[in-house]
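Below, each value reflects all heavy atoms present in this structure, side chains not excepted, and no hydrogens, waters or symmetry copies. Atoms within a ligand are numbered from 1 in the order they appear, just like the ligands themselves.
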Amino acid sequence: MHYIVISGGVMSGLGKGTITSSLAHLLKYSGLNVSIMKIDPYLNYDAGTMNPYQHGEVFVLDDGSEVDLDLGNYERYLDCDLSGENNITTGKVYKEVIERERRGEYLGNTVQIIPHVTNEIKRRIREVGNKHDLDVLLIEIGGTVGDIESMPFLEAIRELKRESPPNSVIMCHVTLIPEIGPNMEQKTKPTQHSVNTLRGIGIQPDIIFCRLKGQLSLESRKKIAAFTDVLEEGVIGISDTRNLYSLPEQMHDQGILNYMEKLLGYEKLKFNNPLSEFNANIDNPREKVRIAIVGKYTVLQDAYMSHKEAFVHVTGNTGIAVDIKWLDSDSLKEDQRELNDVDGILIPGGFGYRGVEGKIIAARYAREHNIPIVGICLGFQVMTIEFARNVLGLNGANSTEFDPSTENPVIDLLPEQIGKHDKGGTMRLGSKDVIVKEGTLAMSLYKEKLIRERHRHRYEVNPAYMEKFHEMGFIFSGTDIEGVRMEICELKGRKNYLAAQYHSEFKSRPLRPSPMHRFLVEMALDRKKEMMMSEGDIESTQ
Ligand code: GLN
């Protein structure tokens, strides 16, 4: 069993999560049993209460854990389901240590970062490593070396290495190579400094991933190797690429697998890339559609990371490229023409009232102009509210999240939420069964009566209004097992209008794209072709 630890240097935002995922992918599809865990040095217990504006999307796992968005990348690149134990935070570690101290388990000793906190970190790492009969556990350490917050974790890794058999803990360090001047000269100094900082903590890297725009030159590689004591074959360039699923191939082309064989003591690892055809479709798509994502966190697109990825998965499987138009929902209040040039609309999840009226406008526009639309979570709720207001004529229909005293609470608090005050980890979270009704549009997508999808919500469709919706052709074509929680909705006679209370984007995988996203893209292409044909008709009659 080996540990491969990935730390970051120079600055944040170098794509450490994607590099970690790509390395894991390469090892898994070379025949090894691989998993990944993420260490987030922040004090929050988990990502659940974090603002997507600051940190990007909150990702949800099957077991209901709310985790860093990198876990989403791990699941996508490894095609596996992870659990909460794969994400350690300072908050989780300290909570455990303090609770143990309160129970008197430290027998009167002074509780300290070394050894008590570092021991707890190692315990958690080893637990994941031992539980799943792994060949390799990759551990990504969030933040940048030198941050105060990440110190205890790096110290724990140093101890882990010292306490493990030789060569069983491999260290990787991700750095930036700036390219400056008219000749794009590659500069290695920031890498040298960053490796020095790492060595100051007692950690010598075995591999350095150098993030840069172009190709890492031989000269830079030699220089980095000379200054950092890493073998030349362990200095790997990570060049900018449009398709991040091609990164494992990029690493492979630089001979990393041969080097890994030596480091890990394996013979003849051979990479069988399951994504060759997938990548070819992304590199050379045959069609293209434009989809608006109508949200309120659109300035930070990482807030919708899994939606972006789900669309990439659709492209890899269908050859239909998706050009995403990021639309701030508030802007639609003044000008709906922003929706004129799109082939489809996605209304994603969200919290709080800001932006909701704009989303309602988008939902109405899609319904009235026959534009393909998919709503997810808040998007589902918004489409329900829009229909209630504008078709059922229910005055001021709303969610009690936005208007607690609305006369028509078509979206209301889940019964089990009443009386809950804590915000962290208290929503309806994680994988739940959904029953898909026969003979519906939803069934034509899923082709299965029972599906399991991931959830993250506090509010739901108020069952008291169900009959009214059904009478007017607004069908709830998916429910929970008891039939009281509405999970999917669609419109009678409409082939391109669909929404789900669950987050289908969280389970989208490269070779198994989210059915909802695939549906939206295919319907968007249909509509684009129809529009082109009718424009052609107009021209030919002129
Ligand atoms: N705010 C809504 C709720 O809590 C929707 C949540 C979401 O979109 N994830 O039910």
In this structure, which one of N496, V342, I291 forms a side-chain contact (heavy atoms from CB on, under 4.5 Å) with P372? N496

Using distance alone, determine whether G350 and ligand 1 share an N or O pair under 3.5 Å. yes

Output yes when the distance from some N or O of ligand 1 to some N or O of F351 is under 3.5 Å, and no in every other case. no

Checking a contact table here: which protein heavy atom is nearest [atom], and how many Å away?
| atom | value |
| --- | --- |
| atom 3 (C) of ligand 1 | R458 N, 3.5 Å |
| atom 7 (C) of ligand 1 | C377 SG, 2.9 Å |
| atom 2 (C) of ligand 1 | E401 OE1, 3.3 Å |
| atom 10 (O) of ligand 1 | Y459 N, 2.8 Å |

Heavy atoms of K92 and R124 approach each other most closely as O-NH2, 3.6 Å

When every non-hydrogen atom of G48 is compared with those of R456, the smallest separation belongs to O-NH2, 2.9 Å

List ligand 1 atoms under 4.0 Å from [X], heavy atoms only on the residue side.
| X | result |
| --- | --- |
| G349 | 8 (O) |
| H503 | 9 (N) |
| R456 | 6 (C), 7 (C), 9 (N) |

Would H517 and H307 satisfy ring pair (Phe, Tyr, Trp, His ring centres under 6.0 Å), going step by step from the backbone distance to the final call? CA-CA 8 Å; H517 293 73; H307 287 293; 5.1 Å; yes

Report the C-alpha distance between Y502 and F380 in whole Å, list the side-chain angles of each, state the deciding distance to 0.1 Å, and finish with yes or no for ring pair (Phe, Tyr, Trp, His ring centres under 6.0 Å). CA-CA 9 Å; Y502 52 81; F380 165 91; 8.5 Å; no

Side-chain donor/acceptor of N398 to backbone N/O of N408, under 3.5 Å: no

Q381 near ligand 1 by a heavy-atom separation under 4.0 Å: yes

Is the ring pair H25/Y29 parallel, tilted or perpendicular, if the boundaries are 30 and 60 degrees? tilted

